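Encoded as structure tokens, the structure appears first; notes follow it.
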Amino acid sequence: MSEHSTIHAAFAAKVDAALAALEAEGELPAGTPRNNVTVEPPRDPSHGDLATNAAMVLAKQAKTNPRELAGKIVEKLSADPTVEGAEIAGPGFINLRLSDVAWRGELASIAALAADYGKSAMGSGRTVNVEYVSANPTGPMHMGHCRGAVVGDALASLLEFAGHKVVREYYINDAGGQVDVLARSAHLRYREALGEDIGEIPEGLYPGDYLIPVGEALAKELGDSFVSKDEAEWFAMFRTKAVAAMMELIRADLALLGIAHDVFSSEAELQAAGKPEAAEQWLRQHDLVYDGMLEAPKGKTPEDWEPVELPLFRSTRFGDDQDRPIRKSDGNWTYFGADLAYHFQKAESADALVDIWGADHAGTVKRIKAAVAALTQGAGRLIPFEVKLVQMVQLLRDGEPVKMSKRAGTFVTLADVVREVGKDVVRFTMLTRKPEAQMDFDFAKVVEASKDNPVFYVQYAHAG
RNA sequence: GCGCCCGUAGCUCAGUCGGAUAGAGCAUCAGAUUCCUAAUCUGGGGGCCACAGGUUCGAAUCCUGUCGGGCGCACCA
């Protein structure tokens, strides 16, 4: 697929060629950067089909005024048979009118290329790793995860369309305290499945019903041999099995949205392979990790604050408020400590990294970007890395916010929403606002067959 | 107290690596059609682009500050 698969791109190339010719003739200094030059449809259609700011952007470097330079560009462009008119307007815009032949040719190629129309080879030869969702494997997906999932998937598709090789990746946080809680919760449900009256789910364990079938499956598989054993004997096994069950739930939820990741990476495996240790060693050698006292957050010292010495990453060197611990005082890795090693691992097989995170993690962007920059540069191959934040979605029903509480078990699952309004409506709605702006998701409005629901317009047009 | 995101027409939002009179849909108003259960067509009105400074030939767009809304702020992920 060539880059000139659309008429706009084709004419942008013609403009560029004209500029290159002028450069060859000495009208423009050799090597003049042309990346500011735009070729796009003007706001006012009476100005023509396309307009370029080339003369205005480049006049200074050509040591002439915009209108004079525009004259020379117009001369070149007029020689092209598909250019029916080229005029200088205003301060130095060049307005182009394209011939009928050009438009007809474009229509033919739209018909011929169908869904491939507009593809580009821009990213050809480059692999981009897009990590998104990465919800904790402790329960089904809820609506809090939904926007990031949709945005990440759409971005991945766009990158593919632009010619990149894309790896859609999910990071399984199966090594922290949350999955320990999951293991204990699953054990409780296991005992329940074997007939024990477990009463209220104790504070600190996951109360959700979705663990009942997990307990039943464990009971069926293992019998009653782990009912009264010490935690040490069943803990690791229950954790592994429960995480596996949760990941099955999550993959099923994602499938409802039409999302399928290529790679699922386990934090536990990453740690077992000693990746964080390797990263720590390198960072210590380069004085980017040191043992130091953790400072209280600025302007807000918690009452029970106790200074501790921990291995800290020097994120302040990269604009962060304070240096960040990579290990906890019990010696285990912090989320960040493992995450930086994880990103380094991803960087080994990609040319660029993108993470899609919820806005509630905005505070941790600086440290991970800093760590990735340090590690990839240190390895001799600095990898572009972007963290894209998606803002919160407010769920509304009958105009009232839907309150979600994990403890009360009132969180709205993704599966419920997809069942209620449909996959396409969810995906479309999640993309109707830029990711960095908050949005409302009103159950009634998104399915309303009315003039102010864009979803409906698209469905209507598509059905026609 | 600090950091990040947002603040554009009555409503929901585009436009923000600075560029030609600030755009769309809905709502509203006026015509058209009178086919119809309209999700019909055409046109108009409607904006100190939150506010105040600054940079620039030129600012919704960049910088500083203020106000308003959201998110976050120890070894939780």
Side-chain angles (χ1 to χ4, degrees), chain A residues 35-36 38 40 42-44 46-48 51-57 59-60 65-66 88-95 134-138 144 171-182 267 293-312 319-339 342 357-368 387-394 401 429 432-440 442 445-446 448-461 463-464:
Chain A
N35 47 347
N36 287 334
T38 61
E40 28 188 50
R43 250 198 294 265
D44 185 341
S46 72
H47 288 154
T52 177
N53 63 353
M56 285 153 64
V57 174
K60 192 175 280 181
N65 68 59
I88 306 167
F93 285 98
I94 297 168
N95 294 329
S134 299
N136 282 334
T138 57
Y171 183 45
I172 308 171
N173 303 129
D174 52 0
Q178 312 271 344
V179 287
D180 291 349
V181 172
L182 176 73
E267 180 184 4
M293 303 304 280
L294 197 56
E295 287 172 44
K298 291 203 170 68
K300 178 199 166 198
T301 306
E303 284 106 45
D304 56 344
W305 174 262
E306 278 177 32
V308 212
E309 189 181 75
L310 291 170
L312 301 178
D320 204 352
D321 294 334
Q322 52 187 284
D323 293 337
R324 305 293 178 175
I326 61 168
R327 286 180 191 266
K328 310 180 207 172
S329 45
D330 65 4
N332 284 319
W333 298 102
T334 60
Y335 181 83
F336 172 58
D339 203 31
Y342 168 58
W357 292 0
D360 50 345
H361 291 80
T364 65
V365 172
K366 275 179 184 167
R367 74 191 70 163
I368 192 67
V387 180
K388 193 85 188 155
L389 296 174
V390 302
Q391 291 292 322
M392 301 290 116
V393 176
Q394 163 111 303
T429 305
T432 51
R433 294 208 56 178
K434 56 185 173 185
E436 59 269 32
Q438 293 153 235
M439 74 178 221
D440 293 339
D442 188 309
K445 281 187 183 163
V446 297
E448 189 177 58
S450 81
K451 286 194 281 187
D452 56 1
N453 182 5
V455 176
F456 178 71
Y457 279 84
V458 174
Q459 289 179 329
Y460 192 63

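In what follows, chains carry the letters A, B, and so on, assigned in the order in which the sequence lines appear, proteins first and then strands, with residues in each chain numbered from 1. What you see is a predicted model, and the numbers here were worked out from it, not measured in a lab.
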Query - Side-chain heavy atoms of A:D442 within contact of A:Q394, under 4.5 Å - result: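 A:D442 does not reach A:Q394 side chain to side chain.
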Requested in this report: State whether the number of non-hydrogen atoms from other residues, nucleotides or ligands found under 6.0 Å of A:Q322 atom CD is greater than 12.
Outcome: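 Count over threshold, so yes.
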Can you tell me the Watson-Crick or wobble partner of [N], both distances under 3.5 angstrom?
| N | value |
| --- | --- |
| B:U61 | none |
| B:U33 | none |
| B:G1 | B:C73 |
| B:U56 | none |
| B:G18 | none |
| B:G25 | B:C11 |
| B:A50 | B:U66 |

Determine the interatomic distance between [atom1] on [N] and the same-named atom on [M]; round to the nearest Å.
| N | M | atom1 | answer |
| --- | --- | --- | --- |
| B:G58 | B:C4 | P | 29 Å |
| B:G53 | B:C48 | C1' | 15 Å |
| B:G19 | B:G15 | P | 13 Å |
| B:U28 | B:G65 | P | 44 Å |
| B:U34 | B:G45 | C1' | 27 Å |
| B:A24 | B:G43 | P | 11 Å |
| B:U12 | B:C51 | C1' | 24 Å |
| B:U16 | B:A77 | P | 39 Å |

Query - Ring centroids of A:H361 and B:G72 base under 5.5 Å with planes under 30° - result: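 No, aromatic ring not over the base.
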Query raised in the report: For RNA chain B, whose closest nucleotide is more 5', that of A:W305 or that of A:I94?
Result: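 Nearer the 5' end of the strand: A:I94.
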Query raised in the report: For RNA chain B, whose closest nucleotide is more 5', that of A:A359 or that of A:N173?
Result: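 Here A:A359 is the residue nearer the 5' end.
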Requested in this report: Can you check whether any acceptor in the base of B:A20 is under 3.5 Å from a donor in the side chain of A:N95, or vice versa?
Outcome: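 Between B:A20 and A:N95, which were checked side chain against base, a qualifying N/O pair under 3.5 Å is present.
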Query raised in the report: Has the side chain of A:D360 got a donor or acceptor atom sitting under 3.5 Å from an opposite partner on the base of B:A77?
Result: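 Check fails, no donor-acceptor contact within cut-off.
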**Report entry** A:D180: partners by salt bridge (Lys or Arg N to Asp or Glu O under 4.0 Å), with sequence neighbours left out
**Finding:**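 Result, salt bridge (Lys or Arg N to Asp or Glu O under 4.0 Å) vs A:D180: A:R239.
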Nearest-Å distance, [atom1] ([X]) to [atom2] ([N])?
| X | N | atom1 | atom2 | value |
| --- | --- | --- | --- | --- |
| A:R324 | B:G72 | CZ | P | 15 Å |
| A:W357 | B:G70 | CH2 | P | 24 Å |
| A:D440 | B:C13 | CG | C1' | 12 Å |
| A:F336 | B:A74 | CZ | C1' | 14 Å |
| A:Y335 | B:A74 | OH | P | 17 Å |
| A:E448 | B:A39 | CD | C1' | 12 Å |
| A:K445 | B:C26 | NZ | C1' | 11 Å |
| A:D321 | B:A74 | CG | P | 11 Å |

Requested in this report: With sequence neighbours excluded, tell me which residues meet ring-ring contact (aromatic ring centres under 6.0 Å, His included) with A:F336.
Outcome: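 Partners of A:F336 under the ring-ring contact (aromatic ring centres under 6.0 Å, His included) test: A:F313.
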Report task. Using a 4.0 Å heavy-atom cut-off across all strands, classify A:D180 as base, sugar-phosphate, or nothing. Result ->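 Contact class for A:D180: none.
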Query raised in the report: What pair of heavy atoms forms the shortest contact from A:V308 to A:S329, and how long is it?
Result: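 Nearest heavy atoms, A:V308 then A:S329: CG1-CB, 4.3 Å.
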Partners meeting side-chain contact (heavy atoms from CB on, under 4.5 Å) with [X] (sequence neighbours left out):
| X | answer |
| --- | --- |
| A:R327 | A:E277, A:E280, A:P311, A:W333 |
| A:D330 | A:K328, A:N332 |
| A:E436 | A:K388, A:K434 |

Could you list all N or O pairs between the protein and nucleotides 4-10 of chain B that sit under 3.5 Å apart?
| unit_1 | atom_1 | unit_2 | atom_2 | d |
| --- | --- | --- | --- | --- |
| B:C5 | O2' | A:E436 | O | 2.2 |

Query raised in the report: Are any side-chain N or O atoms of A:N453 and backbone N or O atoms of A:V446, one a donor and one an acceptor, separated by less than 3.5 Å?
Result: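 Yes, A:N453 side chain to A:V446 backbone: donor-acceptor pair under 3.5 Å.
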